[in-house]
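Presented below is the structure to which this report refers.
Source: prediction; values computed, not measured. Computation of the quantities below employed the complete heavy-atom set of this structure, encompassing side-chain atoms and omitting hydrogens, waters and symmetry-equivalent molecules. Every chain is numbered from 1, with letters handed out A, B, ... down the list of sequences.
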Amino acid sequence: MLDIKQIREDPDAIRAGIAARAEDNSVVDRLLELDASRRAMLTNVEELKSKRNKASKEIGALKKQGKDTTDTQASVRDLGNQIDKIDGEIKQVDQDLRELLIRIPNLPHSSTPRGADESGNVPVCEHGEKKTFDFKPRTHIEIGEHLCLFDFQRATRMAGSGFPLLTGLGARLQRALVQFMLDLHREEHGYTEISTPILCGSKAMTGTGQLPKLDDDMYKLPGDDLYLIPTGEVPLVNIFREEIIDRPMPLYLMAHTQCFRREAGAAGKTTRGMLRLHQFEKVELVKIVHPDSSYDELESLLKNALTVVERLELNYRVLELCTGDMSFAAAKCYDVELWSPGQNDWLEVSSCSNCEAFQARRAGIRYRREDKKVDFVHTLNGSGVALPRLIVAILENGQQADGTVKLPAVLVPYMNGIEKLELPSA
RNA sequence: GGAGGGGUGGCUGAGUGGACGAAAGCACCGGUCUUGAAAACCGGCGUGCCGCAAGGUACCGGGGGUUCGAAUCCCUCCCCCUCCGCCA
């Protein structure tokens, strides 16, 4: 959520920021109008309330003296009616303001490249070489079916398309990766491991910015005001909703969760196999930091995610997302992508974003400054990293001519000494 | 799910219609004292909104109501605790 005061003071900057995200910025005029009338009504009604408070006290005093107050009471009752009327109007304006504010995306940081869509994203770096094979590389689906690592057909039978069913070594590989990532981030990067709810209420979803915009992209349980989380970012950031944080920052939090996405409107895209699922696992990293340090923290968050794929000996590249391709809450965002020989394309496995105070303002997450004033924290999030496409990359990059898959050395201890994936009977 | 008891500031906890944004204690911050510290004493110490400011206004789990006036009374929802039931 943007700061209404900032909109009041510098509407042009806000208009420019919204336009950079290819969104309609005429909302700013409407906001200014509502804000002005709200303040006028507030001044008015607070004056009336002040009068009423004074008069009520006088009535109390008079009654103690045993005097008759019938007339005064009648006039104060009239005051009260006026107040109720204006209060009702203010409430409506507040609602209208909030409805508008809550739908405006975050303003892009000045360093975020301008652009309308993904073609405007800027490559930052590429690490490693695209693997070449002296045989025709198979896709992860072919490899997985051959080695019995997963079974999408049977998954479809129980839940419809887009749900994972990992079997045998496939399931073990995923668990090993989770364990590896959590250990790495805890031991070397200082994150605290959290186990969270995977259903959250609408207030939490609004706090991190999934609602109202992504309502159709989430699975919900309307009878209970609960949504299945689309990312671990939701519960992690919402831990401190409506709080003034009284512990030393920065806070580094991580959670391994299931994530659920309806992917409405994604039909027809690259949805085969593990590339795009309604349910997937992810290790999520969240930082809650002092505003002065959030851009340094974004760089180190990105490094934390990159360390995962480097240790796994994978070929990756980093993109700086442009204004038109960034998610709703982000002011600046890096994507990490892995090379997929089977797709002959890059696969996104992590987005590392600095949301600045956007989520903090929505969710009421504050800290106390040196001068004792209360201010909003900055929040950052990034995948560290998402599992399905990571598995795709490991399978497709590690595949051998004989149909087996060589595992990265760092995973071997997590697989109880297994160095390559092969058929159990082989 | 049933019965009962509760939700008040960072924490503990008083407050049952007016002088209560709210006692007291703890914690915290500043000061006095001290070589320093502790103790003692003095002072400060919630958040939002409106306002250049003075100040005003709102908030005692959420929402609604009664009243000139609500932390206090009524309705409703949520949450917590105890007991019973059920259950992984």
Who does [N] pair with, Watson-Crick or G-U, both distances under 3.5 Å?
{"N": "B:rC52", "result": "none"}
{"N": "B:rC59", "result": "B:rG46"}
{"N": "B:rG1", "result": "B:rC84"}
{"N": "B:rU34", "result": "none"}
{"N": "B:rA70", "result": "none"}

Spacing between [X] atom [atom1] and [N] atom [atom2], to the nearest angstrom:
{"X": "A:Ile90", "N": "B:rC49", "atom1": "CD1", "atom2": "C1'", "answer": "10 Å"}
{"X": "A:Asp371", "N": "B:rC45", "atom1": "CG", "atom2": "P", "answer": "16 Å"}
{"X": "A:Asp224", "N": "B:rC77", "atom1": "CG", "atom2": "C1'", "answer": "15 Å"}
{"X": "A:Asn44", "N": "B:rC50", "atom1": "CG", "atom2": "P", "answer": "16 Å"}
{"X": "A:Lys51", "N": "B:rG56", "atom1": "NZ", "atom2": "P", "answer": "15 Å"}
{"X": "A:Tyr367", "N": "B:rG10", "atom1": "OH", "atom2": "P", "answer": "18 Å"}
{"X": "A:Ile244", "N": "B:rC28", "atom1": "CD1", "atom2": "C1'", "answer": "14 Å"}
{"X": "A:Arg366", "N": "B:rC49", "atom1": "CZ", "atom2": "P", "answer": "10 Å"}

Could you give the distance separating [M] and [N] at their [atom1] atoms, to the nearest angstrom?
{"N": "B:rG56", "M": "B:rG6", "atom1": "C1'", "result": "35 Å"}
{"N": "B:rG13", "M": "B:rC87", "atom1": "P", "result": "36 Å"}
{"N": "B:rA3", "M": "B:rC75", "atom1": "P", "result": "16 Å"}
{"N": "B:rC11", "M": "B:rG46", "atom1": "P", "result": "14 Å"}
{"N": "B:rG18", "M": "B:rC86", "atom1": "C1'", "result": "50 Å"}
{"N": "B:rG9", "M": "B:rU72", "atom1": "P", "result": "15 Å"}
{"N": "B:rU34", "M": "B:rU57", "atom1": "C1'", "result": "46 Å"}
{"N": "B:rC45", "M": "B:rG25", "atom1": "C1'", "result": "15 Å"}

- Under the side-chain contact (heavy atoms from CB on, under 4.5 Å) test, which residues partner A:Glu142, sequence neighbours left out? A:Arg138, A:Thr139
- Determine, for nucleotides 61-72 of chain B in 5'-to-3' order, which nucleotides have protein heavy atoms under 4.0 Å from the base (write B), from only the sugar-phosphate (write S), or from neither (write -). --SS---BS---
Between [Y] and [X], does any NZ, NE, NH1 or NH2 come within less than 4.0 Å of an OD or OE carboxylate oxygen?
{"X": "A:Lys282", "Y": "A:Glu284", "answer": "yes"}
{"X": "A:Arg262", "Y": "A:Asp216", "answer": "no"}
{"X": "A:Asp215", "Y": "A:Lys220", "answer": "yes"}
{"X": "A:Asp151", "Y": "A:Arg154", "answer": "yes"}

Would one find a side-chain N or O of [X] under 4.0 angstrom from OP1 or OP2 of [N]?
{"X": "A:Arg361", "N": "B:rG48", "value": "no"}
{"X": "A:Thr43", "N": "B:rC50", "value": "no"}
{"X": "A:Lys5", "N": "B:rC49", "value": "yes"}

- Which nucleotide in B:rG56, B:rG46, B:rC50 has an atom nearest any side-chain atom of A:Arg368: B:rG46
- Check: A:His378 ring centre within less than 6.0 Å of A:Tyr295 ring centre: no
- Task: Could you tell me whether A:Phe358 and A:Phe328 have their ring centroids closer than 6.0 angstrom?
- Result: yes
- Message: Just to verify, what does A:Tyr191 make a ring pair (Phe, Tyr, Trp, His ring centres under 6.0 Å) with, not counting sequence neighbours?
- Response: A:His185, A:Tyr252
- Task: Answer with base, sugar-phosphate or nothing: what part of the nucleic acid does A:Lys373 contact at a heavy-atom distance below 4.0 Å?
- Result: nothing
- Query: If you look at every strand shown and take non-hydrogen atoms under 4.0 Å, does A:Val374 touch a base, only sugar-phosphate, or nothing?
  - Reply: sugar-phosphate
- Task: Identify, between A:Glu47 and A:Leu42, the residue whose nearest nucleotide on RNA chain B lies closer to the 5' end.
- Result: A:Leu42
- Item | Residue closer to the 5' end of RNA chain B, A:Ser50 versus A:Asp246 (nearest nucleotide) | A:Asp246
- Query: What pairs meet the side-chain hydrogen bond (donor to acceptor under 3.5 Å, both in side chains) rule with one or both residues in residues 3-16 of chain A, with sequence neighbours excluded?
  - Reply: A:Arg8-A:Asp35, A:Asp12-A:Arg15, A:Arg15-A:Asp29
- Item | Short side-chain donor-acceptor distance under 3.5 Å, A:Tyr227 and A:Gln210 | no
- Cut-off 3.5 Å, side chains only: do A:Gln179 and A:Asp183 have a donor facing an acceptor? no
- All side-chain hydrogen bond (donor to acceptor under 3.5 Å, both in side chains) counterparts of A:Ser195, not counting sequence neighbours: none
- Message: With the threshold set at under 4.0 Å for non-hydrogen atoms, list the residues of residues 27-39 of chain A touching RNA chain B in residue-number order.
- Response: A:Arg38, A:Arg39
